[in-house]
Structure formats: structure tokens, C-alpha cells
Amino acid sequence: MTTLAPESAASGPAPLLETVVLRDERALDALAAEWDELQDRSPGATPFQSHAWLSSWWHSYGRPGRLRLVTVRRHDRLIAVAPLHRDGAALRPLGGEITDFHDVLLDGEHLDEAAGALAAALAAELRGPWARLDLGEVRADAALHHLAPHWPRTLRRLPGSLVQHLPGVPMEELLTRLPGRTAQRTKVKLRKLAAAGIEVRTVLPGEAPEAVDRMLALHALQWRDRGATPEHMRDRFATHLRAAATSMAATDRATLREYRLDGRLIACDLQLQGPTLTALYVYGVHPEARERVDIAGMLFGEALAHTVAAGRAELSLLRGNEPYKQRWRPDPAHNERVLLGSRPAVAAVAMAACASGRVKGFARERMPWLASVRSWRRVLAHRLSGGTQSDS
């Protein structure tokens, strides 16, 4: 625990700041209410910074003894949180690879003060020549960037994932972004979709665990033999998503929807919601439904309508460059990987990342057939296993 109470001759004693590094998951659970209040005040906060998302991730993926939750209080009010875990010499963000945006939380009403105190606390926690803080998916408007002027050591930014988003505007306005023929075809598809009689139901928070199971079952069915994300098929992901969706739905930080046609469940999706954006995180669709309705139009239409109704400015399509996203002409952006720590540690990690990027770029340019080989290996592994689990 560290307390800071700097003096000022002009204004008298400055407000007392207290920084604490918590290592007990019970302390993490106890912060839920004031954590979410801080999230609502933090610049650039996304749904992935909500307490429910990160707490449920820790309970599903975390390892005992590795939690490092750095907190800053001002007159006992929580003004900064860095949700981290120890991984060897590195501190990494809670949320891991299944989280599209990593960040810290800073109180916008005391932004510079909170950033300075959190930077000092993090620097003190990074001990040893190879210690570093490594956040892999940081948005351009993330609160983390406010730490830079206060950081006493080396800071390095590297390219991160491609992310895409749409403005939170009505569908009629969104269609003006599309080329004439594409817009016309989309309008025809949307009219057919409206006439199909699809029933859309918002799942109640208490029903979320069962709805998540139905969604993931459809997700596995739609990606069978097609090589999607392996983590989405694992029990720990389902456990995390059940808990996160239940708590986030109860506080308007998530919406689960189910779609029925002729009384039959054809699709489910999970939309996450932050102070300024919504994000279509994961969905499941019965393969046969694609032959009857415009699935992309259905899912994006509902997500966009919810975004507009809530007054949020952005519908994030998250990471990736899948063809179904390009139909809507989304705006591209790039996350950054942000490294903070000692000079040798940051330099070594940056060199390794750049070398890995060059190797991958060479492989994509000179050996494009590798992607096909990997895809066929996944299909073959699935079939050899008896087809009991999708390798998506």
C-alpha cells in the first residue's frame, strides 16, 4: 500500500491518494459496484472493461496467486484500476486473447491525477530487468494512453489487430455508405427479411446461462469443418460467457437475443454494451437458416437498431476482416500493442514481435498455400476424432 499526500503552499494539503495492489480474487469480486461506476466515468471504456467480463474471465482462466489488481483511491473513492495478472516477468491484462480491447480505467473527473498515481504504482510493481507491462489490444482512444506523460521508463507502441466499426445511425442512413447496386440489393434482402416473420426475443438475465448454451451449440454447428476459433468450443469459454452474460445483462452491459422462424430457433447472438459503443461479440446460426433468410442483414439490423435506440455512437465489428463485415463498408482502425517497462525488456519484446511479423508477412507473400494446408489439417483432425467436436 502506498499513500501520497503532496503539499501545495497555495492551496494547502492536496487530496490523499492511496494505491493498493490486490492479489486476492475475493477483493476483485468485492469491487463490482464501484468498478462499474468508474467504468462509466472512464474515457474510452468499452464493454470489455466491465467488472463482470473481467471477473468472470479470471474465475474461468486465471491461475491462483497471479492476480495483480492495481487500484488508486482519492478520499476513498476509486479513481483508477489496472486489471492485470502475472505471467512470468510480464504483467498482462485480464481478459486475455478472447478480449478484443485491453485497457485500464481512469476517472475522467480526475484524469491527470489518476493517471499519474496509477503510472507510479505500476512502475513500482515492475521489478527486475525483464519486467514489463504488455497490453496487446489497445484502442486509439484508450485510457491507457493518458499514462504516457507520467511513465518514468520505456514505452513502445507496436501494430495490433485490425478492428472495424460502423456509426450508430439508422439503417436507412447506413445504406447510403454502400455503392448503388449493393445498396439496392441490400434493401431488397431487408424487405424479404421483414416479410419472413422472424420472431426476435431478448433473453432475460436469469435465462442467460441456458441461452448461452443454445447459442454456442448453434455456433459449433455453423462452424463445423470450417475452422473457426478453437477457444469457442472449450468448456472454460462457455463457463466464462455464462457468468459474464448473466451479470452484464442485468446492468445493461449485454444483450442476448434469440431468433425464431416458424417457431424454430434459428439463431442467437450476444451483443456487449459500453458507455459509447456496442459490439456484436459472438453468434450462432443454424446452417439451414442461411438458405431461407439474410443472416447478416438480420443480425446487423438488430444490433444497429439497438445501438441507435440506446444513443451509442458506434457499433463495433471487433477484430477481423471477414467478408460478411465488408458488405457494410465498415470504417477500419487498428489496435496497438503497448509495452511499458525497462529498456532491455521492451526492446527485446519489440524485436521479437517485429521479427515474427516479418516472418508471417513473408509466408503470406511467398507461401499462400500454407493457409489452405492449415485449414485442411483442422478438417482432418476433426474427422479423425470422430467428428464429436468442431475445430472452429
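One-based numbering along the sequence shown.
Annotation: side chain of Leu31 is not in contact with side chain of Leu38 (no heavy-atom distance under 4.5 Å). Looking at Val188 and Arg185, their side chains never come closer than 4.5 Å, going by heavy atoms from C-beta outward. At a threshold of 4.5 Å between non-hydrogen side-chain atoms, the residues Val338 and Leu340 count as touching. At a threshold of 4.5 Å between non-hydrogen side-chain atoms, the residues Tyr283 and Gln222 count as touching. A heavy-atom distance below 4.5 Å is found between the side chains of His145 and Arg157. Inter-residue side-chain proximity for Leu277 and Thr46 is flagged as met; some heavy-atom pair is nearer than 4.5 Å. In this structure, the side chains of Pro43 and Asp141 stay at 4.5 Å or more apart for every pair of heavy atoms. Residues Phe300 and Asp294 fail the side-chain proximity criterion, which asks for heavy atoms closer than 4.5 Å.
Ion pairing between a basic and an acidic side chain is recognised when a charged N comes within 4.0 Å of a carboxylate O; Arg253 and Asp40 show such pairing. Salt bridge status for Glu125 with Arg23: present, with a side-chain N to carboxylate O gap under 4.0 Å. Contact check on Asp24 versus Arg26 returns a salt bridge, with a Lys/Arg side-chain nitrogen under 4.0 Å from an Asp/Glu carboxylate oxygen. Residues Arg74 and Glu109 are not paired through a salt bridge, judged by the lack of any N-O separation under 4.0 Å between the basic side chain and the carboxylate. With respect to Glu231 and Arg236, a salt bridge is recorded, a charged nitrogen being found less than 4.0 Å from a carboxylate O. A salt bridge does not link Arg73 to Glu18: none of the charged side-chain nitrogens sits closer than 4.0 Å to a carboxylate oxygen.
A donor-acceptor distance shorter than 3.5 angstrom exists from the side chain of Asp103 to the backbone of Ala143, with no hydrogens or angles considered. Proximity of a side-chain donor or acceptor of Gln164 to a complementary backbone N or O of Gly320 within less than 3.5 Å is detected. His102 contributes a side-chain N or O that, together with a main-chain N or O of Glu137, makes up a donor-acceptor pair within less than 3.5 Å.
Val349 and Val138 are assigned to two separate hydrophobic clusters, defined by single-linkage of ILVMFWY side chains at heavy-atom distances under 4.5 Å. Hydrophobic clustering (ILVMFWY, side-chain heavy atoms < 4.5 Å, transitive): Leu190 and Leu178 are in one cluster. Note on Leu221: it does not cluster hydrophobically with Leu261, by side-chain heavy-atom contacts below 4.5 Å among ILVMFWY residues. Hydrophobic clustering, with ILVMFWY side chains joined whenever heavy atoms are under 4.5 angstrom apart, keeps Leu280 apart from Leu318. One hydrophobic cluster holds both Leu17 and Val104 under the rule that ILVMFWY side chains link at heavy-atom gaps under 4.5 Å.
Crowding of Arg343 atom CZ: a count of heavy atoms from other residues, nucleotides or ligands under 6.0 Å not exceeding 12.
Considering every non-hydrogen atom in both Ala353 and Arg337, the closest pair reads CB-NH1, 3.7 Å. The nearest pair of heavy atoms linking Ala119 to His150 is CB-CB, 3.8 Å. Taking every heavy atom of both residues into account, Leu111 and His146 meet most closely at CD2-CE1, 3.4 Å. Nearest heavy-atom pair, Ala254 versus Leu270, reported as atom, atom and distance to 0.1 Å: CB-CD1, 4.1 Å. Here the closest heavy-atom approach between residue Leu175 and residue Ala183 is recorded as O-CB, 3.7 Å. Across all non-hydrogen atoms, the minimal contact from Leu265 to Arg214 is CD2-CD, 4.0 Å.
Arg191 contributes atom CZ, which lies 10.5 Å from atom OG1 of Thr186 (distance to the nearest 0.5 angstrom). Separating the CG atom in Asn335 from the CG atom in Asp100 is a distance of 8.0 Å, to the nearest 0.5 Å. If you take CG on Leu317 and OH on Tyr324, they are separated by 7.5 Å, rounding to the nearest 0.5 Å. Atoms OG and CD, on Ser42 and Gln49 in that order, are 7.5 Å from each other to the nearest 0.5 Å. Tyr281 OH to Met248 CE: the interatomic distance, rounded to the nearest 0.5 Å, is 10.0 Å. Rounded to the nearest 0.5 angstrom, Asp235 CG and Ser60 OG are separated by 10.5 Å.
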Verdict with reasoning, Glu199 to Arg201, per salt bridge (Lys or Arg N to Asp or Glu O under 4.0 Å): CA-CA 7 Å; Glu199 299 176 7; Arg201 173 180 174 268; over 6 Å; no
Side chain to side chain contact (heavy atoms under 4.5 Å, CB included) assessment of Arg153 paired with Val346: CA-CA 10 Å; Arg153 302 184 192 175; Val346 170; over 6 Å; no
Stepwise side chain to side chain contact (heavy atoms under 4.5 Å, CB included) check, Phe48 with Leu54: CA-CA 7 Å; Phe48 297 108; Leu54 296 176; 5.9 Å; no
Criterion side chain to side chain contact (heavy atoms under 4.5 Å, CB included) on Ile266 and Arg292, from CA distance to verdict: CA-CA 10 Å; Ile266 62 168; Arg292 302 186 58 185; over 6 Å; no
Side chain to side chain contact (heavy atoms under 4.5 Å, CB included) assessment of Trp223 paired with Thr229: CA-CA 9 Å; Trp223 286 106; Thr229 307; over 6 Å; no
Derivation and outcome, side-chain hydrogen bond (donor to acceptor under 3.5 Å, both in side chains), residues Ser316 and His165: CA-CA 4 Å; Ser316 177; His165 63 272; over 6 Å; no
Using distance only, find each side-chain donor-acceptor pair of residues 303-314 under 3.5 Å and give its atom names and separation, not counting sequence neighbours.
from	atom 1	to	atom 2	distance (Å)
His306	ND1	Gln271	NE2	3.1
His306	NE2	Thr255	OG1	3.3
Thr307	OG1	Thr278	OG1	2.5
Thr307	OG1	Ala303	O	2.8
Arg312	NE	Gly274	O	2.6
Glu314	OE1	Arg139	NH2	3.3
Glu314	OE2	Arg139	NH1	3.2

Without placing hydrogens or testing angles, list every side-chain donor-acceptor pair under 3.5 Å for residues 65-72, not counting sequence neighbours.
from	atom 1	to	atom 2	distance (Å)
Arg68	NH1	Gly65	O	3.0
Thr71	OG1	Val20	O	3.2

Just distance, no hydrogens or angles: give the donor-acceptor pairs under 3.5 Å from side chains in residues 78-97, sequence neighbours left out.
from	atom 1	to	atom 2	distance (Å)
Asp87	OD2	Arg92	NE	2.8
Arg92	NH1	Asp134	OD2	3.1

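Ring planes of His51 and Trp35: perpendicular class, angle over 60° (limits at 30 and 60°). Aromatic ring orientation, Tyr61 versus Trp57: parallel (interplanar angle below 30°, classes split at 30° and 60°).
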